[in-house]
Amino acid sequence: MARQQARFVCQQCGAFHAKWTGRCDGCGAWNSLIEELPREELPGGRVKAGPDRRGGRPLGFVGLTGPSLLPPRRKTGIIELDRVCGGGLVPGSAILVGGDPGIGKSTLLLQAAAAIAPSDERSSGQTAIAAYITGEEAIDQVRLRAERLGVAASPLLLAAASNVRDIIASLDREDPPALVVVDSIQTMYLDTLDSAPGTVSQVRAAAQELIRVAKRRGFVLVLVGHVTKEGVIAGPRVLEHMVDTVLYFEGERGHQFRILRAVKNRFGATDEIGVFEMSNRGLVEVPNPSSLFLAGRQGAIGADEATPGGGRVSGSGADEDASAGPGAGHLSGSAVFAGMEGTRPVLVEVQALVAPAVLGTPRRAVVGWDGTRLAMITAVLDARCGLSVGANDIYLNIAGGLRIVEPAADLAVAAALVSALTETPVSADAVIFGEIALSGDVRPVGHTEARLKEAAKLGFVEAWMPSGRGKRRGAVAAAGFEIAAIGHLSELVERLAPRRALRGQSLGRPLIGAAS
Ligand code: TYD
Ligand code: MG
């Protein structure tokens, strides 16, 4: 039989092309054509695909219950990492760790690989538990780092390689290491493909080969991927659907701490975060992030109690901005939001600056929150409370570099804005949470108890929150909190600036009925 011709398939719309072109004729997407060689053999190389393709084997259907053959999860010993992965690493799974260059991916994974090694050696007697394959750095560089991290003594297998064929030859065996880190997938190449390492087709094919071995041999494969500014060109985006778990490691350059976030997880929840702090001896876990995010805010609260468990490294003053000095909490424009990140409550400070607009169009600068939601809240403040927030320049910052996605932060943002506008400080002992509807009503949010418990732990005694139902009030009373129930946004304005609220009542209140 004559060799079938290669064809190019658009990865956006699926159109076939006989030749490669930069732009798909079908949908107009650029750079979306990928060469696909028709396979003459099916995977495994047993059955030749003949003209009669219908002779498949019937599937052996099973029920949903039955003995599970999955081996237990493997803990790395880095609790934050284990939690983000859903309680440990699942053998045979592929994990992609993405993040900007220099954020600390290699550091984290070297620490994890070293941490997994000794504990398991004791229990199972195996020699090599983890392998770290670097395509970016030289052996000496990694050794130097290991020394700095204090893990040089761990029985880790280290190799510098970038040829996938070599890597597979070393891993495709009966007793592979339990964890294999490939740093990074952009440097790996298959010599069967013509394109350069780092191109989409190389990244994709290399990952596919590695993942196949991981599944067959049952080891945990961790792929490191760099993200470009847009997260597109050869970035981990093309891999997201191929792997089981996608973790993003993020953080602000000027800040010490890093956040590991699961954006896809076939074996756990995706809303968990792990918080680390970059120290001069690598990444240190931060078991109690609230005190880190609030550290220095209120002289009495953050500073003394900072992270029990040794997460906080003292003397990191260089990066702390001026507004975080003691007493800064008593300035206007700051409110503490009692948020949830996955199953864990996290307290963060919302900072707002409202200044008269100099140019025609008011400026908006938002760090750590959604700009559209900010626009919505200013609109609600204007329309329902009779303020004129929207005409001003607004700068909003989630202190410490955390990115918040919860709508429950609405009320804290509104409090920071109103506080900044009216130059009235929000009570330094208060935490705030609640979702704001377009009508100006404040809606209840979940996890009230966890939020309040965390706030109590950090010394807060007041909570500004949606007016709740009976059961919740009971729980709240038990926590010994002074509750300010806020049913409508104008009540918040009234708390902060009574005169303006009066004007708001007469102007804006019930245009639309209460939101359902
Ligand atoms: P790295 O893990 O190399 O980042 P990535 O693999 O994501 O590109 O870490 C980069 C930064 O971390 C580097 O700028 C130096 C810093 N760092 C520390 O501050 N302390 C340390 O102990 C280590 C190992 C790195
Ligand atoms: Mg690196």
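Side-chain atoms are counted along with the backbone in the values below, which use heavy atoms only and exclude waters and symmetry mates. Just follow the structure's listing: the first ligand is 1, and inside any ligand the first atom is 1.
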_Using 0.5 Å steps for rounding, measure from the OG atom of S93 to the CG atom of L221._
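Rounded to the nearest 0.5 Å, the OG-CG separation comes out at 8.5 Å.
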May I have every N or O pair linking ligand 1 to the protein at under 3.5 Å, one per line with atom names and distance?
unit_1, atom_1, unit_2, atom_2, d
ligand 1, 2 (O), S106, N, 3.2
ligand 1, 2 (O), T107, N, 2.8
ligand 1, 2 (O), T107, OG1, 2.6
ligand 1, 3 (O), R145, NH2, 2.9
ligand 1, 4 (O), G104, N, 3.1
ligand 1, 6 (O), S106, N, 2.9
ligand 1, 6 (O), S106, OG, 2.5
ligand 1, 7 (O), I103, N, 3.3
ligand 1, 7 (O), G104, N, 3.0
ligand 1, 7 (O), K105, N, 2.8
ligand 1, 7 (O), K105, NZ, 2.9
ligand 1, 8 (O), G102, N, 2.7
ligand 1, 9 (O), T107, OG1, 3.4
ligand 1, 20 (N), R148, NH2, 3.1
ligand 1, 20 (N), S279, O, 2.8
ligand 1, 22 (O), N280, O, 3.4
ligand 1, 22 (O), G282, N, 2.7

*Could you walk me through whether R403 and E250 pass the salt bridge (Lys or Arg N to Asp or Glu O under 4.0 Å) check?*
CA-CA 10 Å; R403 191 163 47 89; E250 48 192 41; 3.2 Å; yes
Can you confirm whether the side chains of [X] and [Y] place a donor and an acceptor under 3.5 Å from each other?
{"X": "H226", "Y": "E136", "answer": "yes"}
{"X": "S332", "Y": "S419", "answer": "no"}
{"X": "T343", "Y": "E272", "answer": "yes"}
{"X": "N265", "Y": "T270", "answer": "no"}

*Would you mind checking if K105 and D183 are paired as a salt bridge, meaning a charged N to carboxylate O distance below 4.0 Å?*
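No, no charged N to carboxylate O under 4.0 Å.
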*SB check R451 E406 (cutoff 4.0 Å)*: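 Salt bridge between R451 and E406, a charged N being under 4.0 Å from a carboxylate O: yes.
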_With a 6.0 Å cut-off (strictly less than), is the heavy-atom count around CZ of R216, excluding the residue itself, greater than 12?_
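Buried by this count: over 12 neighbours within 6.0 Å.
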*Leaving out waters, which are not shown anyway, how many protein N, O or S atoms lie closer than 2.8 Å to the Mg ion (ligand 2)?*
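N, O or S atoms of the protein closer than 2.8 Å: 1.
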